[in-house]
Amino acid sequence: MTVESEIDQEADQGGSNILVVDDDRAVRDVVTTLLAEEGYMVSATADAEAALTLAGRQDTHLIISDLKMPGHDGLWLLDQVRRESPDTSIIMLTGFGDTEAAVECLRRGATDYLLKPPKVTDLIRAIERALARRRIDLARRRYQKRLERKVQAKTAELTAALEEVGESYQNTLLALVAALDAREHETSDHSQRVVRYTRTIARIMGYDGEELAEIGRGALLHDIGKIGVPDSILLKPGPLTKTEWDEMRRHPAIGFRILEGIPFLRSSAEIVLSHQERFDGGGYPRGLVGEAIPIGARIFAVADALDAITSDRPYRKGQSYDAARAEIRAYRETQFDPACVDAFLTLDNDRLAAIRAAVFQLDG
Ligand SMILES: [Fe+2]
């Protein structure tokens, strides 16, 4: 609906309610009679306070008020009405020589002012102008509100759609990792546990929001490059030869190449490329040292070691959290970033067990 059709709708709603406020009975009676003859619905009162009550009770379109009255004056009434019934217009009646007061009335939101006693034609014209302006203001406000509601509804729809897209992304990543784990005849529990440990340590170190999500995705996808390692090497039961190791060690770079072209995985790709680095520079593929290794990869290294030590393997049982703590502490500053180790060491056994058993979450 347009502003114009809103105005038509308002105009069709019948006569306008006008309230006359003046302590002078003669003025009240003359104006009331005149306006009733013009077809308006008119009521009248002698003081400002009664006028405010009346205006609040009935749907008053317009108040015509004297400026000077005993008790509360017209300015007081003007201020109250602007605040309590902003849809009601006001025309002030001022005495001769009250120009300053009249200007003040306009400044405070009166639609118009007329000198007392008002000429009939001036009064009718002023009323028509005030009512027309009020209709336009009302229509504009209603139109604005309707637009705002529409924008709100569209925003909600868009947010829901984005959430759905986010969920699809997450499910796609999970499916990819599950496929990868299946190839190694494993469930994806390991990958998902490592994500949970990584995210917990990252949160302790102060990471949140999108940064935390990127670190989590990096941890989830860390071994994605193993897709490029031949079965004969990846699934070989015995020890690998030197050449086979060289081949195996290409998986961080392969993973990086797979992910680097996907904008929302750009940071996670850096973590994938660096997840086999060591804090002392003894890792691969680039032999990065210390803080040159992305923080997500430094945190992941601790989380991955923790899960490897505490999980069952075909050739040995998983060890206790205390054993994992001791081993990780032993490699503080060599294999692991001390800050990440210290953050990990704040977690007690109950907390670690809870994280291990928790429901998987990748975002938020
Ligand atoms: Fe790896």
Side-chain angles (χ1 to χ4, degrees), residues 184 186 189-207 211-212 214-226 229 234 239-240 242 244-256 267-313 315-349 351-352 355-356:
E184 290 188 69
E186 277 184 23
D189 292 0
H190 160 70
S191 309
Q192 300 194 0
R193 275 196 310 269
V194 170
V195 175
R196 289 199 293 271
Y197 289 135
T198 301
R199 283 174 54 95
T200 304
I201 298 169
R203 228 187 256 120
I204 292 169
M205 296 178 75
Y207 294 93
E211 238 176 336
L212 181 63
E214 281 165 0
I215 291 172
R217 287 193 287 261
L220 180 72
L221 298 170
H222 67 276
D223 269 347
I224 195 85
K226 282 190 178 168
V229 178
L234 190 70
L240 301 181
K242 162 88 174 58
E244 288 166 341
W245 262 121
D246 289 345
E247 187 69 23
M248 184 69 128
R249 285 170 174 232
R250 289 176 55 232
H251 79 272
I254 297 171
F256 178 76
S267 301
S268 307
E270 292 290 340
I271 297 171
V272 170
L273 178 61
S274 312
H275 81 273
Q276 298 283 3
E277 300 286 359
R278 286 172 52 114
F279 195 69
D280 61 7
Y284 65 91
R286 293 177 288 177
L288 297 180
V289 182
E291 291 182 2
I293 306 165
I295 182 64
R298 281 180 271 151
I299 296 171
F300 162 83
V302 174
D304 191 42
L306 169 66
D307 195 62
I309 297 164
T310 53
S311 297
D312 292 341
R313 286 283 184 267
Y315 46 91
R316 62 150 176 80
K317 288 287 283 174
Q319 301 177 66
S320 67
Y321 288 127
D322 289 337
R325 221 174 265 121
E327 193 169 334
I328 289 169
R329 193 187 276 121
Y331 291 97
R332 192 177 178 277
E333 281 184 82
T334 49
Q335 188 172 347
F336 306 120
D337 178 352
C340 302
V341 174
D342 294 344
F344 155 65
L345 290 174
T346 64
L347 297 165
D348 61 22
N349 289 0
R351 184 79 198 281
L352 289 170
I355 299 166
R356 189 181 175 87

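Every heavy atom of this structure was used, including side-chain atoms; hydrogens, water molecules and symmetry mates were not.
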Salt bridge (charged side-chain N to carboxylate O under 4.0 Å, His left out) filter on Arg249, not counting sequence neighbours, yields none

Interatomic distance, CD1@Ile201 vs CG@Leu306, rounded to 0.5 Å, equals 6.5 Å

Applying side-chain hydrogen bond (donor to acceptor under 3.5 Å, both in side chains) to Asp342 and not counting sequence neighbours gives Arg332

For Gly218 and Val272, the nearest pair of non-hydrogen atoms, with its separation, is O-CG2, 3.9 Å

Applying side chain to side chain contact (heavy atoms under 4.5 Å, CB included) to Ala301 and not counting sequence neighbours gives Phe336

What one should report as the nearest heavy-atom pair of Asp223 and Gln276 is OD1-NE2, 4.4 Å

Minimal heavy-atom distance between Met248 and Val229, with the atoms involved, is SD-CG1, 4.0 Å

query = Parallel, tilted or perpendicular: which describes the rings of His222 and His190, with under 30° parallel and over 60° perpendicular?
reply = perpendicular

> Would the number of heavy atoms belonging to other residues, nucleotides or ligands and lying under 6.0 Å from OH of Tyr331 be above 12?
Replying inline: no

Here the pair of heavy atoms bringing Ile271 nearest to Ala219 is CG2-N, 4.5 Å

Gly225 and Ile254 have their tightest heavy-atom pair at O-CG2, 3.6 Å

Sorted by chain and number, sequence neighbours left out, ring pair (Phe, Tyr, Trp, His ring centres under 6.0 Å) with His251 holds for His275

Rounded to the nearest 0.5 angstrom, the CE-OG1 distance for Met205 and Thr200 is 13.0 Å

So CG of Asp304 and OG1 of Thr198: to nearest 0.5 Å the spacing works out to 8.0 Å

Looking at Arg286, is its backbone amide N or carbonyl O close enough to the side chain of Glu277 to form a donor-acceptor pair, meaning the two atoms are under 3.5 Å apart? yes

Sorted by chain and residue number, the side chain to side chain contact (heavy atoms under 4.5 Å, CB included) partners of Ala253 (sequence neighbours excluded) come out as Leu273

For Glu244 and Leu240 the tightest heavy-atom approach is OE1-CA, 3.2 Å

Taking only distance into account, with no hydrogens and no angle test, what donor-acceptor pairs under 3.5 Å do side-chain atoms of residues 288-298 form with protein atoms, sequence neighbours excluded?
from   : atom 1 : to     : atom 2 : distance (Å)
Arg298 : NE     : Ile293 : O      : 2.8
Arg298 : NH1    : Asp337 : OD2    : 2.8
Arg298 : NH2    : Ile293 : O      : 3.1

Residues passing the salt bridge (charged side-chain N to carboxylate O under 4.0 Å, His left out) test with Glu214, sequence neighbours excluded, are none

Residue set satisfying side chain to side chain contact (heavy atoms under 4.5 Å, CB included) with Asp246, at least two apart, ordered chain then number -> Lys242

Any side-chain heavy atom of Arg199 within less than 4.5 Å of one from Ile299?
-> no

Contacts of Arg351 meeting salt bridge (charged side-chain N to carboxylate O under 4.0 Å, His left out) (sequence neighbours excluded), chain-then-number -> none

Residues at least two apart in sequence or cross-chain that pass side chain to side chain contact (heavy atoms under 4.5 Å, CB included) with Arg325, listed by chain then number, are Tyr321, Asp322, Phe344, Leu345, Asn349, Leu352

Between the OG atom in Ser191 and the CZ atom in Arg196, the distance rounded to the nearest 0.5 Å is 11.0 Å

Rounding to 0.5 Å, atoms OG1 (Thr310) and NZ (Lys317) come to a distance of 12.0 Å

Sorted by chain and number, sequence neighbours left out, side-chain hydrogen bond (donor to acceptor under 3.5 Å, both in side chains) with Glu333 holds for none

For Asp307, the salt bridge (charged side-chain N to carboxylate O under 4.0 Å, His left out) test, sequence neighbours excluded, returns Arg193, Arg356

Between the CZ atom in Phe256 and the OG atom in Ser274, the distance rounded to the nearest 0.5 Å is 8.5 Å

